[in-house]
Visitor: 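Below is one structure. I have some questions about it.
Proteins get letters first, then strands, A, B, ... in listed order; numbering begins at 1 in each. Quick caveat: nothing in here was measured; it's all calculated off a predicted structure.
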2 protein chains.
Amino acid sequence: MPNIKQIAEAAGVSVTTVSRVLNDHPYVSEAKRKAVEEAIRKLNYSRNMNAVHLIKGTTRTIGVVLPRINLYYFARMMEGMAQEALLHNYQLMLCQTDYRPDEERKVLEMLRNKQIDGLVICSRSLSLDEVEAYAAYGPIALCEAVRDRPLSSVYIDHYAIFQKAITYLWEKGRRRIGFTAGRRRNSPSLRRRLQAYNDTLLALGGSPRQEWVLDGCYDIGDGAALVEHLLAMPERPDALLITGDQVAAGFILAARSRGLEVPGDFAVIGFDNQPISAVLGITTIDNRLSEIGARAFDSVRSQLAGQQPGPVSEELGFRFIKRGSV
Amino acid sequence: MPNIKQIAEAAGVSVTTVSRVLNDHPYVSEAKRKAVEEAIRKLNYSRNMNAVHLIKGTTRTIGVVLPRINLYYFARMMEGMAQEALLHNYQLMLCQTDYRPDEERKVLEMLRNKQIDGLVICSRSLSLDEVEAYAAYGPIALCEAVRDRPLSSVYIDHYAIFQKAITYLWEKGRRRIGFTAGRRRNSPSLRRRLQAYNDTLLALGGSPRQEWVLDGCYDIGDGAALVEHLLAMPERPDALLITGDQVAAGFILAARSRGLEVPGDFAVIGFDNQPISAVLGITTIDNRLSEIGARAFDSVRSQLAGQQPGPVSEELGFRFIKRGSV
DNA sequence: CTGTTAGCGCGTTCAA
DNA sequence: TTGAACGCGCTAACAG
């Protein structure tokens with residue numbers, strides 16, 4: 001591969017002129033421009049972007065941290081980011097961490113290393129303190145509510161959602177309400193939800209039950225398995241918030257094939273407004289995953305572009321979609 | 001951010017020694033090593049990877065081309081790649097192209113630009129000729145059958161799958177067989193499938209019907225909509241190959257709620273062995289998406305590592321999973 | 001409008 | 001075991 005110097009020689013100009021042509025600068029005579037373009041074509045020249053990145057201190061690449069790309073929740077966020085990236089001519093570095101703290105640290109280091117210009121963290125296991133320590137090296141956006149830190153935050157209010165959903169179930173006469181979650185420990189969103197669960201039920205005069213907080217539910221099979229699990233309980237809930245419509249669908253399908261009725265025996269509220277919820281008539285929460293991804297990406301991008309002086313915090317409203325599972 | 005020179009000064013050594021410490025080279029006295037490490041800590045130094053990339057001519061980054069990450073088919077492949085990447089300390093650049101040829105070209109250019117060391121193309125709209133032109137700049141793997149070209153190829157035999165599935169339906173007494181697809185035109189896999197569809201049915205003495213080739217089916221909602229579409233046809237199939245279990249599930253659920261029976265009125269064979277196929281008892285093809293991704297990634301990686309002299313071609317076997325929808 | 005020159009930050013001969 | 005010096009390929013003052 002030839003370099004810029006060889007192009008300059010071949011075209012009979014200086015490297016500066018070549019660089020100017022490469023970067024569409026003004027003040028290049030038409031004749032020299034043509035000569036340079038001709039040399040580029042003839043020698044099959046292509047710029048080495050690593051040199052450009054080095055000198056500019058920028059890569060137009062933004063990192064994305066998430067545990068697993070094959071979960072609807074994250075794939076949808078990623079899709080939103082990717083569309084935005086396409087629009088603004090950015091690249092996306094996908095860092096599937098499987099929630100391993102060391103992998104998350106590696107990505108933060110990439111920010112420090114200048115491999116990426118900014119970072120979107122869809123879900124994390126590191127502490128906010130540890131994340132914040134890297135804010136000095138580039139804009140970081142989290143897809144969760146974060147306050148009073150130099151980090152951008154694009155989120156929906158999980159607390160309010162749970163409050164609303166639980167109250168709705170309560171008004172429909174349900175008194176034995178439980179919920180499911182994905183990751184066991186330390187998830188920021190799980191903490192918020194648990195808090196809302198406890199607060200709301202107590203405020204309504206009900207009783208939160210920790211054995212009705214079911215974790216490890218990721219896909220439709222987990223939802224189906226949940227039915228047996230509940231049936232084996234001495235006391236079981238009569239309503240469930242299920243964080244993920246695939247899981248909710250699995251639960252409903254398995255329950256029905258077991259002769260149970262939804263919403264008769266179990267009222268179900270799903271999450272994400274996935275396509276399957278429309279097909280099965282599942283009442284669900286549209287938590288605007290794609291938009292969260294897009295907005296989180298954009299908060300990073302706009303800071304890089306200097307359009308935003310500092311981190312932004314943006315709460316997106318959710319939509320409660322009533323269908324037939326309650 | 002300090003650079004290597006400042007560290008050298010602070011530690012009272014030369015930049016060479018600092019570089020040696022940074023890269024774990026031997027022949028550095030314990031005393032100097034400690035001094036360097038101390039200086040690195042004190043000045044909060046971090047290497048600028050872009051300089052390393054420039055000088056090494058390598059980024060340890062592999063690009064991934066796919067149309068949309070929020071399709072099970074691609075998300076699952078990507079997951080396989082990401083796991084492998086994690087294992088081998090590579091980064092993944094996600095390039096969601098939405099099948100736009102220009103975006104695919106941009107990614108190929110990144111290979112030439114040395115932004116990425118290699119490329120995995122999960123699905124393409126460019127011609128193989130155009131892709132092949134970039135093979136000189138780094139290893140490229142496609143997730144489809146490619147012969148006699150300097151490109152790696154990791155795939156399952158779509159032709160054989162269709163042959164097997166159609167024959168199976170035929171043996172079960174079905175004579176009016178159709179199939180669904182995602183993308184309309186120009187998809188290499190669609191072409192293979194169409195060919196298998198025509199060949200197999202003709203060989204069996206049946207008749208392929210072009211109006212029973214249904215495209216634009218991506219998610220569960222499309223599957224549900226398909227039912228109405230078929231019912232509106234003067235002559236409709238009694239069996240369908242549906243490329244994607246979500247789509248198959250939508251079809252089955254909608255058909256049943258319409259009072260139709262599966263497999264009574266329609267026999268259905270799904271694809272991908274997605275979790276939903278187990279829950280609904282859908283007969284399906286396990287096409288090993290995650291492994292395809294992993295193997296494709298690895299073919300690129302091993303070429304970069306010099307473990308493979310040239311491109312490899314690898315066909316993975318599929319599994320036919322019989323459940324209750326036929 | 002054009003060219004000379006000095007870096008960007010780092011790895012790596014080569015000689016000591 | 002160490003360091004001086006060169007070069008990776010490119011951009012951007014600065015001077016003309």
Visitor: The side chain of B:Asn48 lies closest to which of these nucleotides: D:dT11, C:dT2, C:dC10?
Guide: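 It is C:dC10.
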Visitor: In this structure, how many angstroms lie between the C1' atom of C:dG7 and the NZ atom of A:Lys56, rounded?
Guide: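 It works out to 15 Å between those atoms.
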Visitor: Tell me whether the side-chain N/O atoms of B:Asn3 come closer than 4.0 Å to OP1 or OP2 in C:dG9.
Guide: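 Yes.
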Visitor: At under 4.0 Å, does any side-chain N or O of B:Tyr27 touch on OP1 or OP2 of D:dG3?
Guide: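 False: B:Tyr27 side-chain N/O out of range (4.0 Å or more) of D:dG3 OP1/OP2.
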Visitor: Using atom CG of A:Asn50 as one end and atom P of D:dT11 as the other, report the distance to the nearest whole Å.
Guide: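 Checked: the CG to P distance equals 12 Å.
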Visitor: So what does A:Thr16 hit on the nucleic acid, given a heavy-atom distance under 4.0 Å: a base, only sugar-phosphate, or nothing?
Guide: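 If one applies the 4.0 Å heavy-atom cut-off, A:Thr16 turns out to touch a base.
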Visitor: Just how far, in rounded Å, is P of D:dG7 from CD1 of B:Ile55?
Guide: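 Going from B:Ile55 (CD1) to D:dG7 (P), I get 12 Å.
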Visitor: Applying the side-chain contact (heavy atoms from CB on, under 4.5 Å) criterion to B:Thr59, which one of B:His53, B:Met49, B:Lys114 satisfies it?
Guide: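 That would be B:His53; it is the only one of B:His53, B:Met49, B:Lys114 passing the side-chain contact (heavy atoms from CB on, under 4.5 Å) with B:Thr59.
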Visitor: Is there a side-chain contact between B:Arg20 and the phosphate of D:dT1, meaning an N or O under 4.0 Å from OP1 or OP2?
Guide: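 Result: no.
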Visitor: Test your reading of the model: is there a side-chain donor-acceptor pair from A:Gln96 to the backbone of A:Ile69, 3.5 Å cut-off?
Guide: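 Between the backbone of A:Ile69 and the side chain of A:Gln96 there is a qualifying donor-acceptor contact (under 3.5 Å).
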Visitor: Describe the nucleic acid contact of A:Val18 in one word from base, sugar-phosphate, nothing, applying a heavy-atom distance below 4.0 Å.
Guide: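 It contacts nothing in the nucleic acid.
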Visitor: Heavy atoms under 4.0 Å, any strand shown: does A:Asn23 hit a base, just sugar-phosphate, or nothing?
Guide: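 If one applies the 4.0 Å heavy-atom cut-off, A:Asn23 turns out to touch the sugar-phosphate alone, with no base involved.
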Visitor: Report yes or no: does A:Thr58 contribute a side-chain atom to a donor-acceptor pair with the main-chain N or O of A:Arg60 at less than 3.5 Å?
Guide: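 It does not hold such a pair.
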Visitor: Within the 4.0 Å heavy-atom criterion, would you say A:Lys5 contacts the bases, only the backbone, or no part of the nucleic acid?
Guide: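 No contact.
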Visitor: Verify the contact: side-chain N or O of B:Thr17 to OP1 or OP2 of D:dG3, cut-off strictly under 4.0 Å; return yes or no.
Guide: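 Indeed, a polar side-chain atom of B:Thr17 lies that close.
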Visitor: In this structure, how many angstroms lie between the P atom of C:dG9 and the NZ atom of A:Lys114, rounded?
Guide: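 These atoms are roughly 9 Å apart.
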Visitor: So, is A:Lys32 close to the C:dG3 phosphate, meaning a side-chain N or O under 4.0 Å from OP1 or OP2?
Guide: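 Yes, such a contact exists.
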Visitor: For the side chain of A:Asn3 and the backbone of A:Lys5, is there at least one donor-acceptor N/O pair under 3.5 Å apart?
Guide: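 Indeed, once roles are kept as given, a pair shorter than 3.5 Å links the two residues.
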Visitor: Reckon B:Ser29 touches a base, only the sugar-phosphate, or nothing at all at heavy-atom distances under 4.0 Å?
Guide: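 Answer is sugar-phosphate: B:Ser29 comes under 4.0 Å of backbone atoms only.
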